[in-house]
Structure formats: structure tokens, C-alpha cells
Amino acid sequence: MPSKVTKHLFITGGVVSSLGKGLTAAAIALLLKRRGYRVKLQKLDPYVNVDPGTMSPYEHGEVYVTDDGAETDLDLGHYERYADVVCSQASNYTTGRIYQTVIERERRGDYLGKTVQVIPHITDEIQNAIRSLDGDDVDIVITEIGGTVGDIESLPFLEAIRQYRQEIGIRNGLFVHLTLVPYLKAARELKTKPSQQSVGILRGIGIIPDILICRCEEPLEPEHFRKLSLFCNVKQELIIQEIDVENTIYEVPLMLAQEELDTYILELLGLHVREIQLDDWEDLIRRVTAPKSKRVEIAVVGKYTSLRDAYKSIYEALDHGGIANDVELVVRPIEAEKIEKQGAAKLLAGVDAILVPGGFGDRGVEGKILATQHARENGIPFLGICLGMQCAVIEFARNVCGHGGANSMEFDKATKAPVIHLMEEQKKILNMGGTMRLGSWPCTLAKGSKSTATYGRSAIDERHRHRYEFNNDYRAEFEEAGMVISGTSPNGDLVEMIELKDHPWFVACQFHPEFKSRPLNAHPLFRDLVAAAAGLPTPLLQDQTQKGHAHAQ
Ligand code: GLN
């Protein structure tokens, strides 16, 4: 019997960037999973950085971290959240990473004297990256090509997927092209020409899309389907409209299901179309659009607040917390530097909880510390994440333990009280890329702590991305003064979580819980932060028992 073939779906984008390719890919994955297929996702990014880990969040939005420690594009967050798939190092390749492999191989002499060229060597390496997800544990691999068709830097990727599909055959590989059909106000019309031209570029490369997904503000009329079909060579029923959703992005999968996109994909791939169940997803939309109880406002005090994508997973995880508690959740993003100028009391007035997220560099740190002090002194529920935990430690050292100049050595190398210092194994590291403490690490929670109650267990695994850590020289002193060391590495060496004894809900962690939160399974820390903000009991355990399982390991 021939071994099982893995089916492939390639998603490209045309006309403009920011069309929501990642979200569309993730929504398709969700639908295919709900039809009973095992799906993996991958993004190929044409930029030259080896990974986005060294890029500023202003350039690239958040860096999403996988269990196996890959620093990746934020679209992988969509993949994991929507489709509840596990992403890995193999889920994100860039031009830089592909070239790095080819150049290393060339230096080793692996090409046996040949001239190394974009075609076939680079395109072969791209195909290896695609093939690396094949296996007995997957039915369909979805590969999203970053960037926009027509970009010079996308060309090797498009050539590689053209070759790949040629090799596996049309029943095993599909091209899905996502374009924009803009509405021109002056003409009061939807315009199909940009999509026609984008498909024209693809055709010049040898790719004819099997399915065209059209992002549009208004529904397409029959004449638009006719025109697009004629000029793009795509059957009318395979032109799918993805109209802007009204309330929440969680509506995207349902809308695509209504357009029967998943059915067409499965039919084209020769796969059986099984029943689909989306009741829970519909309930989720109800909870987002018409929550049962009151409005809760949570401040996110950060440095990149002007760019929503910079804290993508944080905002999404907060939404999940709102969904779990069935409350209306409003986020108030606050620029940390503003707190330094205008004071915490003014800018944080009226918020029900405060979250200080991760970050790098000293800009805005003093503002974050002031926000932390405000939460501690006023009994406002608080969650500190990574740098947020470090700020909580600095604040406690300064204002509770009397270490006036306490700081992290990241910000003040000469501080008299280095309560946060460089991790031992980081001291010898010179390269910036991929060298932090990354990925999933186990953590043991302390008996009787809020953290244990929140998680409902004492052994957890969470994802990390940091160089600095809690300085153990201060541990005993801080514990004496009312800080609870509520989570440590299993050998007890690294402080991973802290909380405060005399506070309703003040919890901070060195890891990033936001990466493991899911719309239908909120991360316990976000769930209970929102519960505490809403004045609901914490831990909000009924959510876990309802689902019959604890949060993803
Ligand atoms: N800059 C801090 C460190 O490297 C915190 C990192 C973060 O918040 N992700 O330890």
C-alpha cells in the first residue's frame, strides 16, 4: 500500500499587505480540524532577518515564542490560538534562515564544486522547509507566504511552491490567493481590477490559483464573480468573499464556513467532507458581542502601546479572560512614559486591574514601576509579565524593603541593589539572535499560593524569552517583607513567579502566559486576573471543570 500523502495548501496574498492572510490561514485550519483532519501550519517570510527575534516590535509587531523556543512571526499566534495546533521551529522560515542553511552547506563543501544558485539551491531548500512538516501525524499542511505577490523578495518562495505542487500533483496541493476588492467611494463601486492584475502576476510565475478569496467591505455582486472568474481563470464557486466582520475577528471562521470554503478545499484535495460542529465557537462570539455581565477595564502599561500588534497575544489573552468570565472587557493601553510625567493616579484612575507586559530597554521602565506601586498600594488586581515581574520586584525592593536605588542590571549596571541581574549562562553570550532563555521550561508552584489555586496544580510548563532574572541574594529578605515566591524552576534555583501576601490579587511571572491562552480555553492567569478585576471569585475553577481538562500543558 502506498504511504499516506500529506496534502498541501499554499496561501499567497495580493494587492496590499495587511489583508489578514495569517488570520485566514488560521481560520481555514480551524475549519479543517473541526472536519476531523490533522493540520499543521507554517509561514514563509521573505525578509532577510534569520528570525524576527532581533526586530523592534515597531517593525514587526510582537515576537511569538513557541514551546521549542523559536522566536517567530505573530501570525503563528493566530495559528496556535485558532486552530489550537502546536507550532515549532519548522513553522516559520525566512529568506535569511534559508540562505544561512545553504551558505553553511556551501562552506562545508556539500555542493561538490557546483555553482550555488537561487534556482535550484535556494528553491530546493525552501521546499525542504515545506516538506519538513510532512509526516504520519498530519493530513494537511497549510503554508502561508508572507509579503505580497509582485515583491522581488517573494519570487524564490513562489517559484518553490510552484515546483512543489508540480511534484505532488493538483489533487495533493492547492493554491489559495487572497486579494483585496476595494470599494471606491467616488465611483460607488467595488473594483476587481487589482485582483485581476495580482492573479496576472502569479500566472506569469506559473501559478494559477485554485481558490480566490476576496477581502471586501461590501458583498460581491454576480457581475464581480463573473468578471473575476473570467479574468483570473478561477471557477465562480471557488471565488470566496471574505467581507469585513462586524464585531469580532472570531467571526471570520464562521463566515468562511458559511461560504463553504472548507468544503471546496476538501473536495479539491479529494478528501471526505465530514460533519462540522461549531456550536462552541458560536457561543464564543455571543460572549464577545453580548457578554452577560458588566464592563471591566484593564490598563496595559507598556512602551509599544501605539502599535496594537506589539502586544497582540496580551490583548488576545485578555479577551479570552473576558470570554471565560462572560464579562465585557475593555483594554486601556497606557504609554508608560506618560505615567512618569503625569502620575499613576491620574492615568490609572478607575481601572479595575493593571497589567505590565514584557519589554526590553529602559525607556518607560520607571512609569511601569510607578504603575506597579499604584496597584500594590491600592489593592488593584495586578499581573506582571516578564519585565512586568522584574518591575514588581524592583518596586518592592525600593518601596517596601527600603533599597532606594534598587534596579535591574539591564538598566543600571552600577546599582547598589541589583535585585534583577543577568542569568549566569547569559554572561558569556555575545550574539543577540536566538540566545535568550527561550521556549518552554517547567516550573513548580508553591503549596497554598494563589498561583497553585489559579492553575489548579503545582507542576506547570510555560514559555520564556528573557536574559535577566530575580537575584536570589534578596529572596529571604523579600519573603520576610511579604513577598511570596510562588513559582520556581524544579530545582528551586530560578524564581519564576511571585505574589504578595497582603493584596487581593497581585501575581507576576517571569514567563509569558499569553502565548498559551486560547479563545475557548483562557489561560488561568488571564482568566483569574479578569475575574479579580470583575470582583468575581478567584480562582474561577468552574471553567476548568466545565471543560473537563486543565489548561494546555
Ligand atoms: N528585558 C528583560 C530580560 O531580558 C525582560 C524580557 C521580557 O520582558 N521579555 O530579562
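None of the values given here were measured: they were computed from a predicted structure. Atoms within each ligand, like the ligands themselves, are counted from 1 in listed order.
- Between Q510 and ligand 1, no N or O atom pair is found at a separation short of 3.5 Å.
- The single protein non-hydrogen atom nearest to atom 1 (N) of ligand 1 is E410 OE1, 2.7 Å, given as residue, atom name and distance.
- Those atoms of ligand 1 that come under 4.0 Å of a heavy atom in H512, given as number and element, are 9 (N).
- When non-hydrogen atoms are compared, ligand 1 lies under 4.0 Å from neither the backbone nor the side chain of M436.
- Contacts of E469 with ligand 1, taken as heavy-atom pairs under 4.0 Å, are absent altogether.
- Heavy-atom proximity to G358, at under 4.0 Å, picks out these atoms of ligand 1: 8 (O).
- For the pair R332 and E297, the salt-bridge criterion is met [side-chain N within less than 4.0 Å of a carboxylate O].
- Using cut-offs of 30° and 60° on the angle between ring planes, the pair F515 and Y64 is perpendicular.
- Under 4.0 Å is where a charged nitrogen must lie from a carboxylate oxygen, and between E514 and R465 no such pair does.
- Protein heavy atom nearest atom 10 (O) of ligand 1, with residue, atom name and distance: Y468 N, 2.9 Å.
- Any N or O atom pair closer than 3.5 Å counts here, and G359 shares at least one such pair with ligand 1.
- Regarding atom 4 (O) of ligand 1, its nearest protein heavy-atom neighbour is R467 N, 3.0 Å.
- The aromatic rings of Y250 and H320 lie tilted to each other, with the angle between the two planes from 30° to 60°.
- In terms of polar-atom proximity, I385 is not counted as a contact of ligand 1, lacking any N or O under 3.5 Å from an N or O of the ligand.
- Ranking the protein heavy atoms by distance from atom 7 (C) of ligand 1 puts C386 SG, 2.9 Å first.
- For E425, the CD atom counts as densely surrounded, since its 6.0 Å shell holds more than 12 non-hydrogen atoms of other residues, nucleotides or ligands.
- A tilted orientation is assigned to the rings of H466 and H464, their planes being inclined by 30° to 60°.
- At the shortest separation from atom 9 (N) of ligand 1 among protein heavy atoms lies R465 O, 2.9 Å.
- Taken from CD1 in I354 to CD in Q373, the straight-line distance is 11.0 Å, to the nearest 0.5 Å.
- With salt bridges taken as basic N to acidic carboxylate O contacts below 4.0 Å, one links R215 and D244.
- In this pair, Y311 and Y304 present their aromatic rings tilted. The plane angle is within the 30 to 60° band.
- The distance criterion of under 3.5 Å between nitrogen or oxygen atoms is not met by H466 with respect to ligand 1.
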